[in-house]
Number of protein chains: 2
Amino acid sequence: MKVTIKELANQLDLSIATISRALDGYPDISEKTRQRVLAAALHLGYTPDRAARQLRRRRTDTIGFILPAVAGKFPQPFFNELIAGLAAGASSRQYDLLISACADDEAAEMQLYQTWAQGHRVDGLVVIRTRVDDRRIAFLTAQEFPFVCLEPPANQPDVPGIHVDAHQALTSVVRHLARRGLNRQAFLGGPSELIIQQVRREAFRAALGAANLPIRSSWQMTSDMTSQGGYDAAHQLLTMKSAPNCLVCINDEVALGALHAASDLGIAVGKQLAVVAFDGSQTAVHATPPLTTIDQPVFALAYQLMEMLYRRLHGGIGLELQVTLQPVIHLRTSSGDTPQEIASPFVIAQDVEATIR
Amino acid sequence: MKVTIKELANQLDLSIATISRALDGYPDISEKTRQRVLAAALHLGYTPDRAARQLRRRRTDTIGFILPAVAGKFPQPFFNELIAGLAAGASSRQYDLLISACADDEAAEMQLYQTWAQGHRVDGLVVIRTRVDDRRIAFLTAQEFPFVCLEPPANQPDVPGIHVDAHQALTSVVRHLARRGLNRQAFLGGPSELIIQQVRREAFRAALGAANLPIRSSWQMTSDMTSQGGYDAAHQLLTMKSAPNCLVCINDEVALGALHAASDLGIAVGKQLAVVAFDGSQTAVHATPPLTTIDQPVFALAYQLMEMLYRRLHGGIGLELQVTLQPVIHLRTSSGDTPQEIASPFVIAQDVEATIR
DNA sequence: GCAATTCCCTAAAACGTTTAAGCCAATCAT
DNA sequence: ATGATTGGCTTAAACGTTTTAGGGAATTGC
């Protein structure tokens, strides 16, 4: 049934070592023999057994990714692009991507990380949704197991990963909106243990300060980062006695929920209320109204994360530890803007005027 | 560095065979010894090497899933839930999920399937986005390699998989809308080589016939199943001299694009135009307006697909080949309905009246 | 008291590769 | 003609498990 290297060797009357080396392109096999081997391999449909190869080579050519926490509670567009990017990045390097889900239970999660790291199941890991005092990072660091993070903790410069610079982008957007009279800006965040929540919330508050806007703690909400969570939080904010007139959301899902809440309350988004999202994928473009977003290129980011991990695994030069990416700002109707794309240095034309009261 | 079974054996002064059997819970190891082994394993942090185990056991405990075609062109909510469901289903059975992406190139795709199947990389495969005359199915069948499909081809009853019954649901929905005077119904589909496109389009046309509505081929559009594709197709339809007043979409993404197009054209969805989507996840709930959907529970479906594959791999009783699931209909504002959920037999109350002209 | 049985453990083979070491014949340098 | 080099292959060990077959001591049956 299964065709092994041994059969190939028998058929061709060569040793298995020759077959192996011929297929791997070693120079000490004559061209003639190699061609014979190649032809026979193709003909018999021979593919090296992965387990045997892994065992012998002491590596798996596989990168692991463990879906954090509760199934079905992923912010969808984000995870989707992330996985696509990871898979594409991995397969471009001839790596596979091994994925597992785990329950929303820290013990189970750590168990999984341990099994994978210590059982040689993968060569490296990608960690996302990093948390404050993240046990996963502590464990992997202690084990000296190769990994990269999306959004490594700010106070740990030795943890390899990629940041998206929320600070600059938020400063520009908040200032831009403030100039247009949107002086009551609220933040719809995520779970407070997430690094991105910390980072983006702080960046937002700093931006408010820089724009001389009031910082009200009651306008800084948390959520589970789903659209339902966004709906609930926005509904609450918008029915306050003193409601904000601008909602900056931690991701697209939350922003969609906010749009829905506004619509239910009869509030015209883009006129009476500005909504700004983070992440920014196709979803945002086709929302009603189209969402203004701070756009991190998730697919490319995941792809780059893979490359980074690859370089860590293969030594090589240029081992940057942490990289910071600048997102792109997309102004759209949800903030009352004329659609417009703004790249990295974030110079938003001051004469952009719009119709928000 | 890496702790193997051998070290454990040395430490405890036992043979490696004993260790292995103790950890696997064989009854011919004394309870006392087993406890010693367990304790030592925990203490040293021993985890069996996966490659070695795979090689010896001749199985991988891994299920494969190959992302079809172009990166970034996945319908997002669908794939997201699918992967979450697959991962959850796999890990509930102690399986891992191996994922790879491949370029939009049939040859590369087949190469990948071959490597995985013949290289013993996975024990089974999940195939989605099945196509008419699908080479993947032909190959796997010929190889007698275990797999399951989402939407197996209708004319191949021997291919294991899960169907979602579009026929009944579409009949109900089309009739329901027809009763309300929506007599100009169009279909926004996907790429014509996909089985779901064939199935849903045919079901839609049959439903039109059953409801005595006109079947116009110019109202049957194809798309790439992205929201952009939906936008383009809807825009085209809605600017026809004789435009439809109801758009039935093959998935949520396309429907979102359609909503956007309608909004751009100043058409009030739920009043002048009904939009119906397929797939139905959170996305649809928080669209503006909320989308009426024919709701296939993608997460559960993926989970069940995994269970099916598991049963195929482990023999066992009840080896159903094909299963048909009944979707649930969610009436929401995008079709001018009062929000309402309708389960399987699809009896839509006839007195539901709404505001579409 | 002896054979049979049970209990707990071990030795060794096997899984399918890769790779280090080495061998033989042919070619080359002198 | 001889020793050194090279090209092209093979032998055998190793990777870390699981499993088959069996072995020795203790217990049991009579």
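Computed from heavy atoms alone, side chains included, the values below leave out hydrogens, waters and symmetry copies. Proteins get letters first, then strands, A, B, ... in listed order; numbering begins at 1 in each. The structure presented is a predicted model; accordingly, all values stated were derived computationally and were not measured.
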Subject >> Side-chain touch B/Glu307/B/Arg93, heavy atoms, less than 4.5 angstrom >> reply: yes
Original post:
So what does A/Ile16 hit on the nucleic acid, given a heavy-atom distance under 4.0 Å: a base, only sugar-phosphate, or nothing?
Top reply: base
Subject >> Out of C/dT10, D/dT17, C/dT17, whichever nucleotide has its closest atom nearest the side chain of B/Tyr46 >> reply: D/dT17
Original post:
If you check every side-chain atom of B/Thr33, which of C/dC9, D/dA12, C/dA12 has the closest atom?
Top reply: C/dC9
Original post:
Between B/Ile29 (CD1) and C/dT6 (C1'), how many Å, whole number?
Top reply: 15 Å
**OP:** Please state how far atom CZ in A/Arg121 lies from atom P in D/dC15, giving the value in whole angstrom units.
**Re:** 21 Å
Original post:
Between atom CD in A/Glu7 and atom C1' in C/dC15, what is the gap in whole Å?
Top reply: 14 Å
**OP:** Starting from P on D/dA14, measure out to CG on B/Leu55 and report it in whole angstrom.
**Re:** 17 Å
Original post:
Has the side chain of B/Asp49 got a donor or acceptor that lies under 3.5 Å from a partner of the other kind on the base of D/dC15?
Top reply: no
Original post:
When the distance from CD of A/Gln54 to C1' of C/dG16 is rounded to whole Å, what number comes out?
Top reply: 12 Å
Original post:
In terms of ring plane angle, is the pair A/Phe65 and A/Phe79 parallel, tilted or perpendicular, where the classes change at 30° and 60°?
Top reply: tilted
Original post:
Side chains of A/Asp123 and A/Asp61: does their closest heavy-atom pair fall under 4.5 Å?
Top reply: yes
Original post:
Can you tell which of D/dT19, D/dC15, C/dC9 lies closest to the side chain of B/Thr18?
Top reply: C/dC9
Subject >> 5′-ward residue of the pair A/Asp24/A/Asp28 relative to DNA chain C >> reply: A/Asp24
Original post:
Can you check whether A/Thr60's main-chain N or O pairs, donor with acceptor, with A/Thr62's side chain at less than 3.5 Å?
Top reply: yes
Original post:
Between D/dT11, D/dT19, C/dA11, which nucleotide has the shortest distance from any of its atoms to the side chain of B/Arg21?
Top reply: D/dT19
**OP:** Taking the side chain as every heavy atom from C-beta outward, state whether A/Tyr95 and A/Val122 have any atom pair closer than 4.5 Å.
**Re:** no
Subject >> Which nucleotide in D/dA13, C/dC8, C/dT10 has an atom nearest any side-chain atom of B/Ser15 >> reply: C/dT10
Original post:
When we call it a touch if two heavy atoms are under 4.0 Å apart, what does B/Ser30 touch: a base, just sugar-phosphate, or nothing?
Top reply: sugar-phosphate
Original post:
Is there a side-chain polar atom (N or O) of B/Arg58 under 4.0 Å from OP1 or OP2 of C/dG16?
Top reply: yes
**OP:** Measure from CG on B/Leu12 to P on C/dC8 and round the result to the nearest Å.
**Re:** 17 Å
**OP:** Between D/dC9, C/dT19, C/dT10, spot the one nearest the side chain of A/Ser20, thanks.
**Re:** C/dT19
**OP:** Nearest whole angstrom, please: distance from the P of C/dA20 to the OH of A/Tyr26.
**Re:** 7 Å
Original post:
Rounded to the Å, how far apart are B/Leu23 CG and D/dT17 P?
Top reply: 10 Å
Subject >> Any N/O donor-acceptor pair, A/Arg53 side-chain to C/dT17 base, under 3.5 Å >> reply: no
